[in-house]
Amino acid sequence: MTAANDMSDSDQSGHHRQCLHAPALVCLALIALVLAGCAGQGPRPDGAAADHPGTSSVSRPGAVFIPAAVSVEHESERDSHLVWERLRGGFQLAHIRHPRIEQEIRRLQRSPQDFHTLMARSEPYIYYITGEIEAAGLPTELALLPAVESGFRAHVYSPDGAAGLWQFMPATGRMMGLKQDWWFDKRRTVRASTEAAIAYLQKLNKRFSGDWLNTLAAYNAGAGTVGKAIRRASRRGEDTDFWSLDLPGETDRYVPRVLAVAMIVADPEAYGLELPAVANKPFFAAAATGGQIDLNVAARLAGMPVEDLLALNAGHKRWASRPDGPHELLLPVDKVTGFEQKITVLPADQRLRWQRYRIRPGDSLNRIARHHGVTVEAIRRSNGLRDSRIRAGKDLLIPLSDSVTFAGGTSNQQARQRLRYRVRKGDSLYTIARRFQVSVTDLKRWNRVGRYIRPGERLTVFVDPDA
């Protein structure tokens, strides 16, 4: 069952019959309210029809539908300038009601501040993502997928290796043109990953005959998993809509969670929640760097914290941009002109920050890397070394900013991603260390634990994304 727009003809005709029997003044008032609601909905993007392909006029058991138009009578004039009002204008799925959606809404209502923080993290990205979703003619609810996938954090890796706002797995990312190497991971870029996510969602939606709920389920669990569930249901003569399928528990929660976020965005006051004031205007623009640049230097030239620069340019995995490009950085719109003016007069020897180190007898690359808080691989690549063999008396160039790339780490974690892992029954320090390809000694040091751990306990793990 496609959930995009499923109000049956009988429901519409029933509403009309009630109006015929009502007093004339009541009818006129009701018509005025309906017209006002339609006027407040806003135009749909080009190519986005009111009835989504593949929709059915037959209502499935357990799902109740209400009109898709969202009333905005309670919105202030200020809200017309916020991105949320623009999002609502393209909603096609948020009118679906189901007990599992209500359950997810209640979960979000338990932590109002957490929800506000989550949506505030969308500010650098949501305007751009919404525009791309609109241009593709897709339901704008899809712009909220990163809220559930990554919490609108472009730099994050999952324990299973998914990365970026849209949490692409390595193989899926490569299939969608998102290249990954030592310097750069396109899965964590805003523009390329959004383009790939839209293409992937369109591909899945076509496979599942325009059913957006099964499409979302496939985005989470994989097309093969959802396809098998549909075939099993068909063989048993059961419904094949999302609510009826036997899917993994995570997917059962994932799709209602996406719809719950959309329903709250549609009418936050109805749920006692508040959305941050995110302007309906571009947040970032591309600035030319003219070549490889140390990200710390770039942040200084832009007049912004390096953490903020990395949030917009999370595709960069190292202390500097890739030697062979792309030679541009995303910056807040108001910082682009100043940055480009400063970088054009920046001396070539100040684009990258290095320290020269004379190798001493007994030195190893591991020891030198630990001393400077950088990675062995960074030293090797910076000096053109094929392996870890070095010779006393020779000089090495040490990249001074190697430790800044990943938010949440420190210089001792050397470009690793910080994760929180919940200990499960049967886990041991050895099995966890083997899973994340780290040492038991490091696990103990990071968490100040002894030999024993308990199920439910949370451990900090610094994961090398290249492992």
Grab the two heavy atoms, one from [X] and one from [Y], that are nearest each other, plus how far apart they are.
X	Y	answer
Ala143	Ile126	O-CD1, 3.6 Å
Val440	Tyr430	CG2-CA, 3.9 Å
Leu108	Ala260	CD1-CB, 4.3 Å
Ala229	Leu245	O-CD2, 3.7 Å
Leu144	Ala262	CD1-CA, 3.7 Å
Pro399	Ala378	CG-CB, 4.1 Å

I'd like to know if the side chain of [X] and the backbone of [Y] have a donor-acceptor N/O pair within less than 3.5 Å.
X	Y	value
Thr431	Asp427	no
Lys317	Asp181	yes
Ser150	Pro146	yes
Arg422	Glu457	no
Arg188	Ala314	yes
Gln292	Asp324	no
Arg100	Val255	no
Trp212	Leu142	no
Ser158	Ala162	yes
Asn220	Ala217	no

Is it true that Glu132 and Arg191 make a salt bridge, defined as a side-chain N closer than 4.0 Å to a carboxylate O?
-> no
[atom1]/[X] to [atom2]/[Y] distance, rounded to the nearest 0.5 angstrom?
X	Y	atom1	atom2	answer
Leu309	Leu330	CG	CG	9.0 Å
Leu459	Lys444	CG	NZ	12.5 Å
Leu138	Leu93	CG	CG	10.0 Å
Thr251	Asn214	OG1	CG	11.0 Å
Lys281	Leu82	NZ	CG	11.0 Å
Leu145	Gln167	CG	CD	11.5 Å

The residue among Tyr254, Trp166, Tyr219 that forms side-chain hydrogen bond (donor to acceptor under 3.5 Å, both in side chains) with Glu149 is Tyr254
Does atom [atom1] ([X]) have a neighbourhood of more than 12 heavy atoms from anything else shown, all under 6.0 Å?
X	atom1	result
His371	NE2	no
Lys206	NZ	no
Arg454	CZ	no
Lys228	NZ	no

Beyond-backbone contact of [X] with [Y], side-chain heavy atoms, under 4.5 angstrom:
X	Y	result
Ile390	Ile359	yes
Met119	Val265	yes
Pro332	Leu312	yes
Tyr125	Ser193	no
Leu396	Leu365	yes
His316	Leu295	yes
His95	Met263	no
Arg435	Val461	no

Could you walk me through whether Arg458 and Val423 pass the side chain to side chain contact (heavy atoms under 4.5 Å, CB included) check?
-> CA-CA 6 Å; Arg458 287 189 177 274; Val423 178; over 6 Å; no
Carefully, step by step, assess Asp185 and Tyr157 under the rule side chain to side chain contact (heavy atoms under 4.5 Å, CB included).
-> CA-CA 11 Å; Asp185 188 342; Tyr157 285 89; 3.0 Å; yes
Once the angle between the rings of Tyr200 and Phe168 is folded into 0 to 90°, is it parallel (under 30°), tilted (30 to 60°) or perpendicular (over 60°)?
-> tilted
Determine the interplanar angle of the Tyr128 and Phe284 rings, folded into 0 to 90°, and report it as parallel if under 30°, tilted if 30 to 60°, perpendicular if over 60°.
-> tilted
Can you name the side chain to side chain contact (heavy atoms under 4.5 Å, CB included) partners of Ser111, sequence neighbours left out?
-> Asp114
Mind checking what makes side chain to side chain contact (heavy atoms under 4.5 Å, CB included) contact with Arg360, not counting sequence neighbours?
-> Tyr357, Asp363
Is it true that the NZ or CZ of Arg300 lies under 6.0 Å from the centre of Phe339's six-membered ring and within 45 degrees of the ring axis?
-> no
Would Arg380 and Ser388 satisfy side-chain hydrogen bond (donor to acceptor under 3.5 Å, both in side chains), going step by step from the backbone distance to the final call?
-> CA-CA 7 Å; Arg380 286 178 52 196; Ser388 296; 4.8 Å; no
No-hydrogen, no-angle side-chain donor-acceptor test under 3.5 Å, Thr460 and Arg420 = yes
Would Glu195 and Arg187 count as a salt bridge (Lys or Arg N to Asp or Glu O under 4.0 Å) if you check the C-alpha gap in whole Å, the side-chain angles of each, and the deciding distance to 0.1 Å?
-> CA-CA 10 Å; Glu195 180 183 352; Arg187 295 176 299 162; over 6 Å; no
Can you check side chain to side chain contact (heavy atoms under 4.5 Å, CB included) on Leu247 and Phe242, steps first, answer last?
-> CA-CA 9 Å; Leu247 292 167; Phe242 167 75; 3.7 Å; yes
Salt bridge (charged side-chain N to carboxylate O under 4.0 Å, His left out), paired with Arg257, selected from Glu250, Glu104, Glu141 | Glu104
Full working for side chain to side chain contact (heavy atoms under 4.5 Å, CB included) between Phe184 and Lys186 | CA-CA 6 Å; Phe184 201 77; Lys186 262 194 169 183; 3.8 Å; yes
Apply salt bridge (Lys or Arg N to Asp or Glu O under 4.0 Å) to Glu238 and Arg232, showing your working.
-> CA-CA 9 Å; Glu238 298 173 352; Arg232 285 196 300 267; over 6 Å; no
Please step through ring-ring contact (aromatic ring centres under 6.0 Å, His included) for the pair Trp243 and His98, ending with a clear verdict.
-> CA-CA 9 Å; Trp243 308 109; His98 191 277; 3.7 Å; yes
